[in-house]
There are 2 protein chains.
Amino acid sequence: MTSTASLWYFESVNLYNVLCPHKTKELDKKHEFRQFKKDQFIYFPNDEADHIYMVAEGRVKIGHYLDDGKEVVSSILTKGEIFGELALAGEDKRRDFAQVMDNNTSICPLNIEALKALMKDDKELSFRLLKLVGLRLMRLERKLELLVFKDARTRIVEFLKDSASWKGKKVGYETMIPTKLTHKDIAALTGTSRQTVTTILNELKEQNLIYFDRRKILIRDLANLQ
Amino acid sequence: MTSTASLWYFESVNLYNVLCPHKTKELDKKHEFRQFKKDQFIYFPNDEADHIYMVAEGRVKIGHYLDDGKEVVSSILTKGEIFGELALAGEDKRRDFAQVMDNNTSICPLNIEALKALMKDDKELSFRLLKLVGLRLMRLERKLELLVFKDARTRIVEFLKDSASWKGKKVGYETMIPTKLTHKDIAALTGTSRQTVTTILNELKEQNLIYFDRRKILIRDLANLQ
DNA sequence: GCGGCAATGTCTTGAACCTGACAAAAAGGT
DNA sequence: ACCTTTTTGTCAGGTTCAAGACATTGCCGC
């Protein structure tokens, strides 16, 4: 039972790590942060895909709607994470939406053309961007496997483990995950129903494997959670 | 009920379209085709990821094994299609396997380092490779959505439609898909069980929407299949 | 043409989990 | 502090499909 510890619910590539340090200064001039309020959309499906974005503050939900109106959430991004990077890879119109989840969310947009211009000067940048998209692809493959071939409990447990190693703070054996995600959010991320998330989380609490309230999830022993 | 006609079960990017036409000649010197027999592996998980490959003849199955030994098939590739391109995007060890499905399968390997060297000279090549990986990402997103949010019948029908538009030959209203895929193969590709595939295909045959035998699948009216 | 093996067809059973319904609790605004 | 809305908890009912078992059919090598 070897499980590779890779993350997929949360994204982890910082835009500044992708862009050359010495180029960053140059780009900083263009860094105009846009402010959003809760529930505002950054882009809709079919919008022109001409920017990639980094979250400077707050949370952003990426997803799209099925034919029947049901919302599918691909990921929920927080500070330092980037999105919309498919615009780099030839996507002309958005296929998904990006919606702000908190008030006072601050987003840094970066023009694709500007980035492409940088790529011409900077060969290394091309590799980094290729890696960025490749990393996203690998994560998606893991997500696919979990969502399709594992049962609801495993999906939720894996979600907790991913959250823990990515957002958690370790205190002794315990890992504290501060989160404002509702059970509905977790359901959307794990491809389960709201009720199932509630039930399974309470089962885990019952077994004393985790504790949670509306602000945090506490994992008793990350290594033994499964 | 608008369904975007994008393909995901089968891959569609020809390596020669990615590589500059004038570079192709240069690369041709290095084009040494490797021959494989049925069931041989091209690479295993944890192998060094130092090549990308193109199928020149025959079929190749890409997949991996779950902890419980179950085989997951990501895709089945035929002539002209490429695989292993995650090596370009920073994958150092293979996470999946590539297995040959037919005798007399011919594969053209291309060294990653050679390709990276080409990228330095050729800025456009970087964009093309970025697009290549981006396209794969978009397809995978569609696949994820279908597998997670649609029922077995829809998944199988979508599979048929994809196969038809990608591999099918149109004859009047009818579309003929020559295929050697077994119901087990289709089950693995659609994330269903072998029995379910058999049953649903027979239901579709019953409703006169398709006909099939062990060599082909015939779709009566592609536009009306759903 | 024959034997063996893989693929297909068809049932039955049961588990997983979605859905809808409703109550209780918490959060948030004014 | 009060009212409204959101979130959480719990249950019953029903659907979907995977899995196992077994018969039948078709393919392939000899």
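Chain letters run A, B, ... following the sequence lines, proteins first and then strands; every chain starts at 1.
The backbone N or O of B:Q195 lies less than 3.5 Å from a partner atom in the side chain of B:T199, making a donor-acceptor pair.
Between A:D39 and A:Q99, some side-chain heavy-atom pair lies under the 4.5 Å cut-off.
We find that CG of A:D39 is positioned 14 Å from P of C:dG28, with the value rounded to whole Å. Distance NZ (A:K38) to C1' (C:dG28): 10 Å, rounded to an integer number of Å. Atom CZ of B:R153 and atom C1' of D:dT15 are 16 Å apart (whole Å). Distance CZ (B:R214) to P (D:dT25): 11 Å, rounded to an integer number of Å. The distance between atom NZ of A:K180 and atom P of D:dT6, rounded to the nearest whole Å, is 17 Å. One atom, CE of B:M101, and another, P of C:dA7, lie 10 Å apart when rounded to the nearest Å. One atom, NZ of A:K184, and another, C1' of C:dG20, lie 16 Å apart when rounded to the nearest Å. Atom-to-atom, CD1 of A:I186 to P of C:dC17 comes out at 16 Å; the value is rounded to the nearest Å.
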Shorter than 3.5 Å, N or O on both sides, protein versus nucleotides 28-30 of chain D: list them out with atom names.
none

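For A:H183, the ring-ring contact (aromatic ring centres under 6.0 Å, His included) partners at least two apart in sequence or on another chain are A:F212. For B:F41, the ring-ring contact (aromatic ring centres under 6.0 Å, His included) test picks out B:F44, B:F97, with sequence neighbours left out.
Residue order along DNA chain C, read from the 5' end via each residue's closest nucleotide, puts B:K205 first among A:K70 and B:K205.
The bend of the helix from C:dG1-D:dC30 to C:dT30-D:dA1, defined by the angle between the axes of its first five and last five pairs, stands at 60° to the nearest 10°.
Listed candidates were D:dG26, C:dA16, D:dT7. Nearest to the side chain of A:D151 is C:dA16. Checking C:dA7, D:dT7, C:dC18 against the side-chain heavy atoms of A:T182 singles out D:dT7 as nearest.
Contact between the side-chain N/O atoms of B:H183 and the OP1/OP2 oxygens of C:dG9 is found at a separation under 4.0 Å.
Shown for residues 191-202 of chain B: residues whose heavy atoms fall under 4.0 angstrom of DNA chain C, namely B:R194, B:Q195, B:T198, B:N202.
Distance check: B:T190 OG1 to B:K143 NZ gives 9.5 Å after rounding to the nearest 0.5 Å. Rounded to the nearest 0.5 angstrom, A:L86 CG and A:I52 CD1 are separated by 10.5 Å. Interatomic distance, A:D50 CG to A:K93 NZ, rounded to the nearest 0.5 Å: 9.5 Å.
Counting heavy-atom neighbours within 6.0 Å of B:K205 NZ, excluding the residue itself, gives a total above 12. Within 6.0 Å of atom CD in B:E206, 12 or fewer heavy atoms from other residues, nucleotides or ligands are found, so the atom counts as exposed in its surroundings.
A salt bridge does not link B:R95 with A:E141: none of the charged nitrogens is closer than 4.0 Å to a carboxylate oxygen.
Counted by atom type alone, A:T196 and A:S193 present one or more donor-acceptor pairs between their side chains at under 3.5 Å.
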Enumerate, atom names and distances included, each donor-acceptor pair closer than 3.5 Å involving a side-chain atom of residues 171-182 of chain B, sequence neighbours excluded.
unit_1	atom_1	unit_2	atom_2	d
B:E174	OE2	B:R220	NH1	3.1
B:T179	OG1	B:L181	N	3.0
B:T182	OG1	B:K184	N	3.3
B:T182	OG1	B:D185	N	3.1
B:T182	OG1	B:D185	OD2	3.3

